[in-house]
Participant: 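Below: one structure in structure tokens.
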Amino acid sequence: MVYVASTTAPVNIATLKYWGKRDKDLNLPTNSSISVTLAQEDLRTLTSAATDEGFTQDKLWLNGKEESLDSARTQQCLADLRGLRQQVEAQDPQAPKMSQWKLHIVSENNFPTAAGLASSAAGFAALVVAIAKLYQLPQDYSEISKIARKGSGSACRSLFGGYVAWEMGENLDGSDSKAVEVAPLNHWPNMKAAILVVSDMKKDTPSTSGMQLTVKTSDLFQERIKNVVPQRFEEMKQAIRNKDFPTFADLTMKDSNSFHATCLDSYPPIFYMNDTSRKIIRLVHSINAFYNETIVAYTYDAGPNAVLYYLEENESKLFAFIYKLFDKVSGWETKYTEAELNDFLKEFDQSVSPKLDFELDDEIYRGVSRVILTRAGPGPQDTTECLIDENTGLPK
Ligand SMILES: Nc1ncnc2c1ncn2[C@@H]1O[C@H](COP(=O)(O)OP(=O)(O)OP(=O)(O)O)[C@@H](O)[C@H]1O
Ligand SMILES: C[C@@](O)(CCOP(=O)(O)OP(=O)(O)O)CC(=O)O
């Protein structure tokens with residue numbers, strides 16, 4: 001009999017960045033980090049996991065293609081999950097001996113893989129949660145997040161919705177390096193995100209090797225992990241608890257800049273942002289200066305895409321600028337009617353244009369391929385969708 005379980009898992013985008021490992025094999029970080037989990041209508045992984053006594057090999061199909069499961073990281077995740085399943089079997093002799101059987105895993109991302117859109121985070125979170133469900137593990141999600149962490153560090157934060165911290169921990173075996181909820185989605189539900197996709201191309205320097213180089217060569221990095229991030233970690237959690245957007249946003253922007261500064265300070269230097277990324281940074285500062293209030297924050301991961309965080313109530317103020325500048329780029333029409341989009345232009349003409357005290361770069365849209373308009377969202381979700389045929393145990 002083929003046993004099957006499925007889940008979806010979200011992407012998360014850090015507002016306090018994880019950059020640097022103190023243990024590469026266990027993905028133990030040199031600093032704690034914080035992220036916002038994003039809604040799954042726009043960005044999510046759907047994963048089904050199956051097991052059966054008759055399966056002969058562990059197998060993975062990702063976006064319709066069979067992929068290797070051989071990476072040490074994936075093997076770690078599978079071994080840990082099987083270890084926990086063994087405990088279930090030891091306590092309940094009736095429980096099927098799934099820990100001894102092979103697994104079939106089928107997964108689909110509804111967005112480009114490895115484009116700096118945190119596919120590995122959603123991917124490993126979904127993989128681990130699907131198998132934990134299949135195995136009926138009793139552990140809570142903080143415990144399960146330690147297994148996702150071994151797949152990809154940032155994946156541990158995708159086990160929760162809303163506002164999430166990854167506590168770096170101290171133990172050498174990683175037993176206290178786990179994700180915890182800072183605040184649930186409904187605490188501050190009006191957080192939105194506009195992602196300006198600057199490039200869909202696969203990135204040059206993978207996060208793992210980039211981090212290794214920074215840890216080894218950057219002096220600035222030592223200052224960051226010792227004196228900058230620990231304090232920011234506490235301040236950002238407090239800003240989230242207080243729903244204090246200006247503080248949250250200022251910390252987010254400063255931390256993105258600090259992380260990219262350590263990349264530039266690596267030797268040889270690593271460049272994740274490009275000219276368009278930098279123009280967007282300037283634009284965001286100009287918009288905040290124009291309103292004399294911090295209404296929007298940028299943050300960049302290991303790639304040139306900009307993620308802009310803002311509150312729903314400030315959307316028309318922000319979109320007066322960004323729809324005006326990026327209206328030629330796709331992604332708006334799925335979220336707004338033509339009348340709503342016209343209102344953003346009207347807002348620009350009536351409220352912004354007469355007072356505009358800086359020059360807008362009409363060509364900036366050329367560096368952006370699309371916008372993804374999304375918002376803060378919940379953690380992994382149960383689903384009735386299943387990617388595996390329950391009779392054959394193969395992808396549908
Ligand atoms: N649904 C999935 N299931 C299992 N593994 C996945 C899944 N999606 C992505 N991955 C793994 O993650 C890898 C991509 O990770 P990578 O870190 O290069 O890109 P990214 O996550 O988009 O970028 P970043 O984490 O820096 O934002 C893929 O090559 C694959 O091995
Ligand atoms: C810049 C980041 O997005 C780096 C994410 O790195 P990964 O989690 O992809 O790295 P590995 O642990 O090596 O898989 C910052 C962040 O998400 O906190």
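Count residues from 1 along the sequence. No experiment lies behind these values; they were computed from the predicted model shown. Whatever order the structure lists ligands and atoms in, that order sets their numbers, starting from 1.
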Participant: Hey, does Met211 sit under 4.0 Å from ligand 2 if you only count heavy atoms?
Facilitator: yes
Participant: For Gly153 and ligand 2, does the shortest N/O to N/O distance drop below 3.5 Å?
Facilitator: yes
Participant: Aromatic rings Phe55 and His104: how do their planes relate, parallel, tilted or perpendicular, breaks at 30° and 60°?
Facilitator: parallel
Participant: Students often mix this up, so state it plainly: with edges at 30° and 60°, are the rings of Tyr298 and His285 parallel, tilted or perpendicular?
Facilitator: perpendicular
Participant: Looking only at heavy atoms, is any part of Asn27 under 4.0 Å from ligand 2, and if so is it the side chain, the backbone, or both, or is it neither?
Facilitator: side chain
Participant: Please determine whether any non-hydrogen atom of Ser154 lies less than 4.0 Å from an atom of ligand 1.
Facilitator: no
Participant: Can you tell which part of Ser120 has a heavy atom less than 4.0 Å from ligand 1: side chain, backbone, both or neither?
Facilitator: both
Participant: Of all the heavy-atom pairs spanning Ala126 and Thr47, show the shortest one and how long it is.
Facilitator: CB-OG1, 3.3 Å
Participant: Out of Lys17, Lys21, Arg157, who is nearest to atom 17 (O) of ligand 2 when you count heavy atoms only?
Facilitator: Arg157
Participant: Under a 4.0 Å heavy-atom limit, does Ser119 contact ligand 1 with its side chain, its backbone, both, or neither?
Facilitator: both
Participant: Among Arg370, Arg375, Lys335, which one satisfies salt bridge (Lys or Arg N to Asp or Glu O under 4.0 Å) with Asp42?
Facilitator: Lys335
Participant: Begin from the C-alpha positions of Tyr163 and Met191 and carry the test side chain to side chain contact (heavy atoms under 4.5 Å, CB included) through to its verdict.
Facilitator: CA-CA 10 Å; Tyr163 303 83; Met191 182 69 70; 3.0 Å; yes
Participant: Is the closest N or O pair between Ser33 and ligand 2 shorter than 3.5 Å?
Facilitator: no
Participant: Which bit of Thr47 gets closer than 4.0 Å to ligand 1, counting heavy atoms only: side chain, backbone, both or neither?
Facilitator: neither
Participant: Applying a heavy-atom cut-off of 4.0 Å, say which part of Thr74 lies close to ligand 1: side chain, backbone, both or neither.
Facilitator: neither
Participant: Flag the pair Asp80 and Lys146 as a salt bridge only when some basic side-chain nitrogen lies within less than 4.0 angstrom of an acidic carboxylate oxygen.
Facilitator: no
Participant: Decide whether the shortest distance between a heavy atom of Tyr272 and an atom of ligand 2 is less than 4.0 Å.
Facilitator: no
Participant: Taking it one step at a time, do Asp255 and Val229 satisfy side chain to side chain contact (heavy atoms under 4.5 Å, CB included)?
Facilitator: CA-CA 8 Å; Asp255 199 70; Val229 179; 4.2 Å; yes
Participant: Going by distance only, is there an N or O of Arg73 that falls short of 3.5 Å from an N or O of ligand 2?
Facilitator: yes
Participant: Heavy atom under 4.0 Å from ligand 2: found in Ser207's side chain, backbone, both, or neither?
Facilitator: side chain
Participant: Under a 4.5 Å side-chain heavy-atom rule over Ile, Leu, Val, Met, Phe, Trp and Tyr, are Leu325 and Leu196 clustered together?
Facilitator: yes
